[in-house]
> 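Take this structure, written in structure tokens, and hold onto it; I'll ask about it next.
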Amino acid sequence: MTTIKDVAREVGVHPSTVSRALDPARRGRIGEAVVRRILEAAERLGYRPDTVAASLRSGRSNMVGIIVPDIANPVFSPIISGLESVLSARGYALIVADPQPRRSGDEDIVQRLVARRVDGLVLANVALKDDAVERCLSWKVPVVLVNRAEAQARVPSVVSDDVAGMRLAVAHLVELGHHSILHLAGPQTLSTGSLRRHGFMDAMRATGFAPTEDDIEEAEAFTRDAGKAAALRLLARRPEATAIVAANDLLALGVYEALRDIGKRCPEDVSVIGHNDMPLVDLVDPPLSTIRISHREMGEQTGELLLDLIEGVRGDARHVVTAPLLVARRSTRPPPVLR
């Protein structure tokens, strides 16, 4: 195998210079021309770093794990992309894990990643009360939450302002003239489901309405199928509704299906607004009005927070809250009585 010494001999520099040039976190200390010559020589000679040996020397694996609740959910792609861009620039590789239901006696995914000596973890799947955070703290594994928060707020997190997002959604519908507005809520064990439900209630009260529990139906999961089932229950109970605020875009797409099943149209009969602005919702029929969350930015900020923990820059539990944005498309319009 080609070694660092071989590359150094080819370029005519000290091996320590080669080592720095091959490390994205340290190559800034060397001139660009020298770095370029070293990288070209390493490629020409077929040099491949011995990551196991490097890990034994440094005590780090230069690997980070992220656990997502559903890899098929388009929301997580830009989060992962933003996270990976920050990590790779500093020489870290990212492992993406989508946990499956655990069989009795099996290690869970957190244990398995820690056993592989990841330098830190990003959790996108925690509930408001979740022992995964407790275990990471007890094992002294750096951890950051993204798109989720825990009730105790013990570790850094990056989330969107869910309450402000619901204010935007409700205000948009009220400005269009809607009065009979319902909420299709996400699971209340998750921060996104709980905060958006509270945000809906607060926003309705702030605009002069008196929402009740009958105006809300909780979906079992943040999925299209769960959204359809919950929407059918909600619309059966409140058939006069003219607008539905869904807690995420997949639930909103479930509302579309429910409306078709009962012979109603969106937005002619019922306006629908989602939350997230996940990829491709502008291409559905009708294009979905929604609350845009900067998921890539969230991933990037998560990476910065985690690297600060790993590298000891700071150890406090910082909480980053990003601002949402209303994106009005064709799934919302004035209610039938005003047209």
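All residue numbers in this chain count up from 1 along the given sequence. Heavy atoms only: backbone and side chains are in, while hydrogens, waters and symmetry mates are out.
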> Could you check if a side-chain atom of Arg26 sits within less than 4.5 angstrom of a side-chain atom of Ser19, using non-hydrogen atoms only?
yes
> So, Arg116 side chain and Arg112 main chain: donor-acceptor pair closer than 3.5 Å or not?
yes
> Is any side-chain heavy atom of Pro156 closer than 4.5 Å to a side-chain heavy atom of Leu309?
yes
> I need the Asp98 CG to Ile66 CD1 distance, nearest 0.5 Å.
11.0 Å
> Group every Ile, Leu, Val, Met, Phe, Trp and Tyr by side-chain heavy-atom contacts under 4.5 Å, then state whether Leu184 and Val284 land in the same group.
yes
> Salt bridge between Arg29 and Asp23, side-chain N to carboxylate O under 4.0 Å?
no
> Mind listing the closest non-hydrogen atom pair of Ser180 and Ala241 along with its distance?
OG-CA, 3.2 Å
> Could you check if a side-chain atom of Thr242 sits within less than 4.5 angstrom of a side-chain atom of Leu173, using non-hydrogen atoms only?
no
> Measure the shortest side-chain to side-chain distance between Met204 and Ile181 over non-hydrogen atoms and say whether it is less than 4.5 angstrom.
yes
> Would you say CZ of Arg224 has more than 12 non-hydrogen atoms from neighbouring residues, nucleotides or ligands within 6.0 angstrom?
no
> Looking only at side-chain N and O atoms, does Ser289 offer a donor or acceptor that is under 3.5 Å from a partner on His172?
no
> Please check if Ile95 and Trp139 belong to a single hydrophobic cluster, counting links between Ile, Leu, Val, Met, Phe, Trp and Tyr side chain heavy atoms closer than 4.5 Å.
yes
> Out of curiosity, does Ile67 fall in the hydrophobic cluster containing Val159 (side-chain heavy atoms, cut-off under 4.5 Å, transitive links)?
no
> Any donor-acceptor pair under 3.5 Å linking the side chain of Tyr256 with the backbone of Asp285?
no
> Looking at every non-hydrogen atom in both residues, tell me the closest pair between Leu190 and Leu128 and how far apart they are.
C-CG, 4.1 Å
> Val158 and side-chain contact (heavy atoms from CB on, under 4.5 Å): which partner among His319, Gln301, Arg318?
Gln301
> Output the distance between atom CG (Leu288) and atom CE (Met278), rounded to the nearest 0.5 Å.
8.0 Å
> Look only at the side chain of Asn276 and the backbone of Asn248, and say whether a donor-acceptor pair between them is shorter than 3.5 Å.
no
> What are the two closest heavy atoms between Pro239 and Ala236, and how far apart are they?
CD-O, 3.8 Å
> Whether the side chain of Glu84 engages the backbone of Ser81 through a donor-acceptor N/O pair (distance < 3.5 Å, no angle test) should be reported.
no
> Between Glu43 and Glu40, does the side-chain contact (heavy atoms from CB on, under 4.5 Å) criterion hold? Intermediate values first, please.
CA-CA 5 Å; Glu43 180 67 25; Glu40 289 173 354; 5.8 Å; no
> Closest approach of Val110 and Ala132, non-hydrogen atoms and distance?
CG2-CB, 4.2 Å
> Between Arg237 and Asp214 (side chain of the first, backbone of the second, donor and acceptor by atom type, cut-off under 3.5 Å), is there such a pair?
yes
> Side chains of Arg329 and Val281: does their closest heavy-atom pair fall under 4.5 Å?
yes
> Taking the six-membered ring for Trp, are Phe209 and His179 parallel (under 30°), tilted (30 to 60°) or perpendicular (over 60°)?
perpendicular
> For Glu32, is the CD atom crowded, meaning more than 12 foreign heavy atoms sit under 6.0 Å from it?
no
> Run Val141 and Asp119 through side-chain contact (heavy atoms from CB on, under 4.5 Å) and show every step you take.
CA-CA 7 Å; Val141 176; Asp119 294 327; over 6 Å; no
> Run the numbers on Arg27 and Leu39 for side-chain contact (heavy atoms from CB on, under 4.5 Å), then give the verdict.
CA-CA 11 Å; Arg27 65 175 53 141; Leu39 294 178; 4.0 Å; yes
> Side-chain contact, heavy-atom cut-off 4.5 Å: Tyr47 with Val18?
no
> For residues Pro99 and Asn125, determine if any side-chain heavy atom of one lies less than 4.5 Å from a side-chain heavy atom of the other.
yes
> Does the side chain of Leu259 come within less than 4.5 Å of Val272's, by heavy atoms?
yes
> Rounded to the nearest 0.5 Å, what separates atom OG1 in Thr322 from atom CZ in Arg292?
12.5 Å
> Looking at Lys264, I'd like to know if its NZ atom is crowded, meaning that more than 12 non-hydrogen atoms belonging to other residues, nucleotides or ligands lie closer than 6.0 Å.
yes
> Tell me if a side-chain donor or acceptor on Asp282 pairs with a main-chain N or O of Pro287 at a distance below 3.5 Å.
no
> Indicate yes or no for a side-chain donor-acceptor contact from Ser271 to the backbone of Arg333 under 3.5 Å, with no hydrogens or angles considered.
yes
> I'd like to know if the side chain of Ser85 reaches the main chain of Gly82, judged simply by a donor and an acceptor atom lying under 3.5 Å from each other, with no hydrogens or angles considered.
yes
> Taking all atoms of both residues into account, what is the closest heavy-atom pair of Leu168 and Pro324, and its distance?
CD1-O, 3.8 Å
> Is the shortest side-chain N to carboxylate O distance from Asp261 to Lys228 below 4.0 Å?
yes
> Nearest 0.5 angstrom please: Ser294 OG to Leu325 CG, how far?
8.0 Å
> What distance do Leu182 atom CG and Phe200 atom CZ have between them, rounded to the nearest 0.5 Å?
6.5 Å
> Can you check side-chain contact (heavy atoms from CB on, under 4.5 Å) on Ile71 and Phe76, steps first, answer last?
CA-CA 7 Å; Ile71 195 66; Phe76 295 104; 5.6 Å; no
> Is it true that a side-chain atom of Asp249 and a backbone atom of Asp277 form a donor plus acceptor pair closer than 3.5 Å?
yes
> With side-chain contact (heavy atoms from CB on, under 4.5 Å) as the test, pick out the partner of Met201 among Asp215, Val170, Ile216.
Ile216
> Going hydrophobic residue to hydrophobic residue with side-chain gaps under 4.5 angstrom, can you get from Ile310 over to Val320?
yes
> With the 4.5 Å side-chain cut-off for hydrophobic clustering, are Val144 and Ile80 part of the same group?
yes
> Any chance you could measure Glu268, atom CD, to Cys266, atom SG, to the nearest 0.5 Å?
7.5 Å
> May I have the step-by-step check of salt bridge (charged side-chain N to carboxylate O under 4.0 Å, His left out) for Arg9 and Asp6, ending in yes or no?
CA-CA 5 Å; Arg9 190 178 305 113; Asp6 296 326; 3.1 Å; yes
> Is the backbone of His275 close enough, under 3.5 Å, to the side chain of Thr290 for a donor and an acceptor to pair up by distance?
yes
> Is a salt bridge present between Arg197 and Glu213, judged by a nitrogen-to-oxygen distance below 4.0 Å?
yes
> For Leu121 versus Val114, what's the shortest heavy-atom pair and its separation?
CD1-CG2, 4.1 Å
> Hey, is CD on Gln188 packed in by over 12 heavy atoms from elsewhere, all under 6.0 Å?
yes
